[in-house]
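Have a look at the structure below before the remarks.
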Amino acid sequence: ETMVGELTSAFAAAARDANIKVVVLAAAGPAFCAGADLVQLEQLSTYDLEQNRADSLRLATLFRTMYEIRKPVIALVHGPALAGGCGLASVCDFVLAARDRATFGYTEVHVGFVPAIVSVYLAKRIGEGRARELILRGKIISATEAEAIGLITAAVDDDQLETMGTELVQELIAKNSATAMGMAKEMLGKMNGMNLADAMDFAVNVNAAARMTADCKKGIQSFLQKQQPEW
């Protein structure tokens, strides 16, 4: 509960800070995140429905805050990312993982639990079929397997994880407009689930609005002058 609250506050603060363009989620210790504290989960099982709803809402708020922040979020997974920990990674825009040490899995079914909240984002990321397989089997997979099914962006050499993460951060900062990335994230988040007509209408509005931004005008001018814009 403490970690969920602190992460939610950290992401909310990053969203408000104009000096922050990219957010990196990393961890200390042998695991990226091994999921919920089972001792606390045992305690939660004694709560009534409304108490459990309130606790579940806190985790849902964290995932939604991460998903909707108008800045790219990169997860650097150096070790196991299991259950809720796998959920944390799945909500990020980019996931770089150590090829040998990182593992992924939605193991909740092994203890009679369900990864209900993150399943919303998992299905968006890898499709319902793959999501069903991961959730129903509860199987732990390697970083290489996770890359093959689109769960993560890339599996990299363990000793290159931080270097690759830094390179991706620098690429996003130097080459991309913060305004454009923010609009793109909002567009992709809202468009999912719309019918074709509504999605096209929404896309037309985003397209028109993007043309009118200062960043778009700056980017086009720089391109015509054969210069790299300073973002």
Open item on the list: If I take atom CG from residue D159 and atom CG from residue D100, how far apart are they, to the nearest 0.5 angstrom?
Closed with: 9.5 Å

TODO: Taking H110 for its side chain and G138 for its backbone only, find out whether a donor-acceptor pair lies under 3.5 Å.
DONE: yes

Task: Min side-chain heavy-atom separation K218-W231 under 4.5 Å - done: yes

Task: Within-4.5 Å side-chain heavy-atom neighbours: K217 and T213 - done: no

Open item on the list: Tell me whether N195 contacts the main-chain N or O of A197 through its side chain, where contact means a donor paired with an acceptor under 3.5 Å.
Closed with: yes

Open item on the list: Using every non-hydrogen atom in the two residues, find where E147 and A154 come nearest and quote the distance to one decimal.
Closed with: OE2-CA, 3.7 Å

Task: Rounded distance (nearest 0.5 Å) linking atom CG of L122 with atom CZ of F63 - done: 10.5 Å

Task: Sidechain-backbone polar pair: E6 side chain, M3 backbone, donor-acceptor under 3.5 Å - done: no

Open item on the list: Same cluster or not: I135 versus I141, using hydrophobic residues (I, L, V, M, F, W, Y) connected whenever any side-chain heavy atoms lie under 4.5 Å apart?
Closed with: yes

Task: Closest non-hydrogen atom pair between M191 and A203, with its separation - done: CE-CB, 4.0 Å

TODO: Compare all side-chain heavy atoms of L25 with those of V77 and state whether any distance is below 4.5 angstrom.
DONE: no

Task: Residues in side-chain contact (heavy atoms from CB on, under 4.5 Å) contact with T8, at least two apart in sequence or another chain - done: V4, T61, L62, T65

Task: Taking every non-hydrogen atom, the tightest pair across A15 and K71 - done: O-NZ, 3.7 Å

Task: Qualifying residue for side chain to side chain contact (heavy atoms under 4.5 Å, CB included) with L168, from L96, I173, V22, L76 - done: L96

Open item on the list: Hydrophobic cluster membership, with links at side-chain heavy-atom distances under 4.5 Å among I/L/V/M/F/W/Y: are M181 and V24 in one?
Closed with: yes

- [ ] Walk me through it: do N192 and L188 pass the test side-chain contact (heavy atoms from CB on, under 4.5 Å)?
- [x] CA-CA 6 Å; N192 197 292; L188 292 169; over 6 Å; no

Open item on the list: According to a hydrophobic-cluster definition based on side-chain heavy atoms being under 4.5 Å apart (Ile, Leu, Val, Met, Phe, Trp, Tyr only), do V23 and L7 belong together?
Closed with: yes

Task: Separation of D201 CG from L196 CG (nearest 0.5 Å) - done: 11.0 Å

Task: Rounded distance [0.5 Å steps], CZ in R125 versus CZ in R130 - done: 14.5 Å

- [ ] Answer yes or no: is there a side-chain heavy-atom contact under 4.5 Å between L172 and I74?
- [x] yes

Open item on the list: Walk me through whether L224 and Q221 qualify under side-chain contact (heavy atoms from CB on, under 4.5 Å).
Closed with: CA-CA 5 Å; L224 293 175; Q221 186 177 48; 5.9 Å; no

Open item on the list: Test side-chain contact (heavy atoms from CB on, under 4.5 Å) on V156 and M164; report intermediate values, then the result.
Closed with: CA-CA 8 Å; V156 303; M164 297 296 289; 4.1 Å; yes

TODO: Indicate the atoms forming the closest heavy-atom contact of T46 with Q43, along with that distance.
DONE: OG1-O, 2.5 Å

Open item on the list: If you compare all heavy atoms of A97 against all heavy atoms of A143, which two are closest, and at what distance to 0.1 Å?
Closed with: CB-CB, 4.1 Å

TODO: Taking atom CZ of F223 as the centre, report whether more than 12 heavy atoms of other residues, nucleotides or ligands fall under 6.0 Å from it.
DONE: no

TODO: May I ask you to decide if A28's main-chain N or O and H78's side chain share a donor-acceptor pair within less than 3.5 Å?
DONE: no

Open item on the list: Can you tell me how far apart SG (C86) and CG (L134) are? Round to the nearest 0.5 Å.
Closed with: 7.0 Å

Open item on the list: For R53, is the CZ atom crowded, meaning more than 12 foreign heavy atoms sit under 6.0 Å from it?
Closed with: no

Open item on the list: With rounding to the nearest 0.5 angstrom, report the CD1 to CD distance, I126 to E133.
Closed with: 8.5 Å

Task: Set of side-chain contact (heavy atoms from CB on, under 4.5 Å) partners for E186, sequence neighbours left out - done: R70, K190

Open item on the list: I'd like to know whether CD of Q51 has more than 12 heavy-atom contacts from other residues, nucleotides or ligands below 6.0 angstrom.
Closed with: yes

Open item on the list: Quick check against the 3.5 Å criterion: does K21 have a side-chain atom that pairs as donor or acceptor with the backbone of N176?
Closed with: yes

Task: Hydrophobic cluster membership, I20 vs I69, 4.5 Å side-chain cutoff - done: yes

Open item on the list: Looking only at the side chains, is there a donor atom on one of E145 and S142 sitting less than 3.5 Å from an acceptor on the other?
Closed with: yes

Task: Side-chain heavy atoms of M66 within contact of C92, under 4.5 Å - done: yes

Open item on the list: Contact between F104 and L151 at the side-chain level, heavy atoms closer than 4.5 Å - yes or no?
Closed with: yes

Open item on the list: So does V73 get a backbone contact from the side chain of D93, meaning a donor-acceptor N/O pair under 3.5 Å?
Closed with: yes

Task: V206 reachable from M194 in the ILVMFWY side-chain graph, under 4.5 Å edges - done: yes

TODO: Might you point out which heavy atoms bring A75 and F32 nearest each other, and give the distance in Å?
DONE: CB-CZ, 4.4 Å

Open item on the list: Could you tell me if the side chain of I117 sits less than 4.5 Å from the side chain of S56, heavy atoms only?
Closed with: yes

TODO: Identify, with sequence neighbours excluded, every residue that meets salt bridge (Lys or Arg N to Asp or Glu O under 4.0 Å) alongside E167.
DONE: none

- [ ] Check the surroundings of atom CD in E230: do more than 12 heavy atoms from other residues, nucleotides or ligands lie under 6.0 Å from it?
- [x] no

Open item on the list: Any heavy-atom pair between the side chains of L59 and D55 that's under 4.5 Å?
Closed with: no

TODO: Would you indicate whether M187, at its atom CE, is surrounded by more than 12 heavy atoms from other residues, nucleotides or ligands within a distance under 6.0 Å?
DONE: yes

Task: D157 bridged to R99 by N-O distance under 4.0 Å - done: yes

Task: Side chains of S119 and Y106, donor plus acceptor under 3.5 Å - done: no

TODO: For the pair R64 and E68, find out whether any cationic side-chain nitrogen is under 4.0 Å from an anionic carboxylate oxygen.
DONE: yes

